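Bear in mind the structure is a predicted one, so any value in this text is a computation, not a measurement.
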Amino acid sequence: MSGLPEIDFDFDFDYEALEAVLRSCLARAFTSLQLDFPDERFYNFTLFISSGMRTVSIAANSEACLDATVREYREQDPKYAAVDFDATKALFRYEFLSFCFFARGHDMRAYDAMLEKAYALLAEFGEKAHEVEDYLLERLDDDDDAADEYIWPLYEALSDIFERVMKGLDDDKVFELNSQRGEVTLLMQDGDIEADAYTVAQLNPDNVYRRFLKDLELAGAARRQIDGS
């Protein structure tokens, strides 16, 4: 915040309470998903974070669902049928909007209901952050960019909590009920369509991260072939 005036403001929010609630709720939701679909070979588990960090959801995909998605696209669009099946799988493997256990084919409301306590705390965070933002804008003559510099550390602390929670669940082997850890990639998505390599590196063992990078290379090659470039 170099060059900006010092502005004192109170932000009375219990980050520790949020972290504890998130960990408890997400453990239940991710565990329930795996128990409800014991025959699925899940290859990822994702924490989806909404715009503004107001809500979170869980998401996942399985090899069987990925195969079904690829077959559907190849049947409906000749450009996908023109490339190798496995290459097309790589193209869709980490495209979040194609994940069956969130956006396609399965009702996730039961798992969202398990996150209601977390929603309440995130809503409280959002309301208090909005109040602080209004106060800062008043002090800074409605300079949005300057206000963001004061506000960003509040959201950064929230992002750090999301990452710690996912790592904590991993330490507790929550993601290994039906799969070996090396078969599973943990993701955090903030609305982007595709997975972010930096986040994958933070959340996963090195062998999983290296496989993810290889998948990205295959996806890039498939995309270039499909686009004819």
Check the pair Ser98, Glu95 against side-chain hydrogen bond (donor to acceptor under 3.5 Å, both in side chains), reporting the backbone distance first and the verdict last.
CA-CA 6 Å; Ser98 294; Glu95 184 185 75; 2.7 Å; yes

Min side-chain heavy-atom separation Arg104-Glu72 under 4.5 Å
yes

Strictly under 6.0 Å, is that where the ring centroids of Tyr150 and Phe11 end up?
no

Just grab all the salt bridge (charged side-chain N to carboxylate O under 4.0 Å, His left out) pairs involving residues 202-217, residues at least two apart or on different chains.
Asp206-Arg210

Phe101 and Phe42: aromatic ring centres closer than 6.0 Å?
yes

Check side chain to side chain contact (heavy atoms under 4.5 Å, CB included) between Leu137 and all other residues, then give those that pass, not counting sequence neighbours.
Glu133, Asp142, Asp144, Ala147

side-chain hydrogen bond (donor to acceptor under 3.5 Å, both in side chains) partners for Thr69, two or more places apart:
none

Met53 side chain near Tyr155 side chain, heavy-atom distance below 4.5 Å:
yes

Heavy-atom distance under 4.5 Å between the side chains of Phe175 and Leu169, does that happen here?
yes

Mind checking whether Gln189 and Thr199 have side chains closer than 4.5 Å, heavy atoms only?
no

Test item: side-chain donor near acceptor, Asn44 and Tyr94, under 3.5 Å
no

Remaining members of the apolar cluster that contains Val208, side-chain heavy atoms under 4.5 Å:
none

Would you call Glu163 and Lys167 a salt bridge, using N to O less than 4.0 angstrom?
yes

In Å, rounded to the nearest 0.5 Å, how long is the span from CD of Glu19 to CG of Asp160?
9.5 Å

Pair Ile58-Leu26, side-chain contact (heavy atoms from CB on, under 4.5 Å): steps then yes or no
CA-CA 8 Å; Ile58 68 167; Leu26 288 172; 3.7 Å; yes

First locate atom OH of Tyr43, then atom SG of Cys65, and finally report the distance between them rounded to the nearest 0.5 Å.
8.5 Å

Is the count of non-hydrogen atoms from other residues, nucleotides or ligands lying under 6.0 Å from Glu138 atom CD greater than 12?
no

For Phe85, the ring pair (Phe, Tyr, Trp, His ring centres under 6.0 Å) test, sequence neighbours excluded, returns none

Would you name the heavy atoms of Leu22 and Ala118 that are closest together and state the gap between them?
CD2-CB, 3.8 Å

Applying ring pair (Phe, Tyr, Trp, His ring centres under 6.0 Å), can you list everything that pairs with Phe99, at least two apart in sequence or on another chain?
Phe96

Should Val184 and Glu176 count as side-chain neighbours, where that means a heavy-atom distance under 4.5 Å?
no

Can you list every salt bridge (charged side-chain N to carboxylate O under 4.0 Å, His left out) pair that touches residues 112-132, not counting sequence neighbours?
Glu124-Lys128

Rounded to the nearest 0.5 Å, how far apart are CG of Leu91 and CG of Leu216?
11.0 Å

For residues Asp143 and Asp141, determine if any side-chain heavy atom of one lies less than 4.5 Å from a side-chain heavy atom of the other.
no

On a heavy-atom basis, which atom in Val174 and which in Gln34 lie closest, and how many Å separate them?
O-NE2, 2.8 Å

Considering residues at least two apart in sequence or located in another chain, which fulfil the side chain to side chain contact (heavy atoms under 4.5 Å, CB included) criterion with Thr55?
Ser50, Tyr119

Among the clusters formed by ILVMFWY side chains lying less than 4.5 Å apart, do Leu18 and Trp152 turn up in the same one?
yes

Distance-only check: which donor-acceptor pairs under 3.5 Å involve side-chain atoms of residues 76-84, not counting sequence neighbours?
unit_1, atom_1, unit_2, atom_2, d
Asp77, OD1, Lys79, N, 3.1
Asp84, OD2, Asp86, N, 2.9
Asp84, OD2, Ala87, N, 3.3

If you look only at pairs with a residue in residues 25-40, which of them pass as a salt bridge (charged side-chain N to carboxylate O under 4.0 Å, His left out), with sequence neighbours excluded?
none

Which heavy atom in Leu47 sits nearest to a heavy atom in Phe162, and how many Å separate them?
CD2-CB, 3.9 Å

Leu203 side chain near Met188 side chain, heavy-atom distance below 4.5 Å:
yes

Once side chain to side chain contact (heavy atoms under 4.5 Å, CB included) is applied, do any residues pair with Asp134, and if so which ones, sequence neighbours excluded?
His130

Side-chain heavy-atom pair His106, Cys100 within 4.5 angstrom cut-off:
yes

Show, in sequence, the C-alpha distance, side-chain angles and deciding distance for Thr185 and Tyr209, and conclude whether the side-chain hydrogen bond (donor to acceptor under 3.5 Å, both in side chains) test is met.
CA-CA 8 Å; Thr185 305; Tyr209 176 60; over 6 Å; no

Looking only at heavy atoms, the pair that brings Ala59 and Phe30 closest together is O-CE2, 4.2 Å

Which salt bridge (charged side-chain N to carboxylate O under 4.0 Å, His left out) pairs, counting each pair once, include a residue from residues 42-65, with sequence neighbours left out?
Glu63-Lys89, Glu63-Arg93

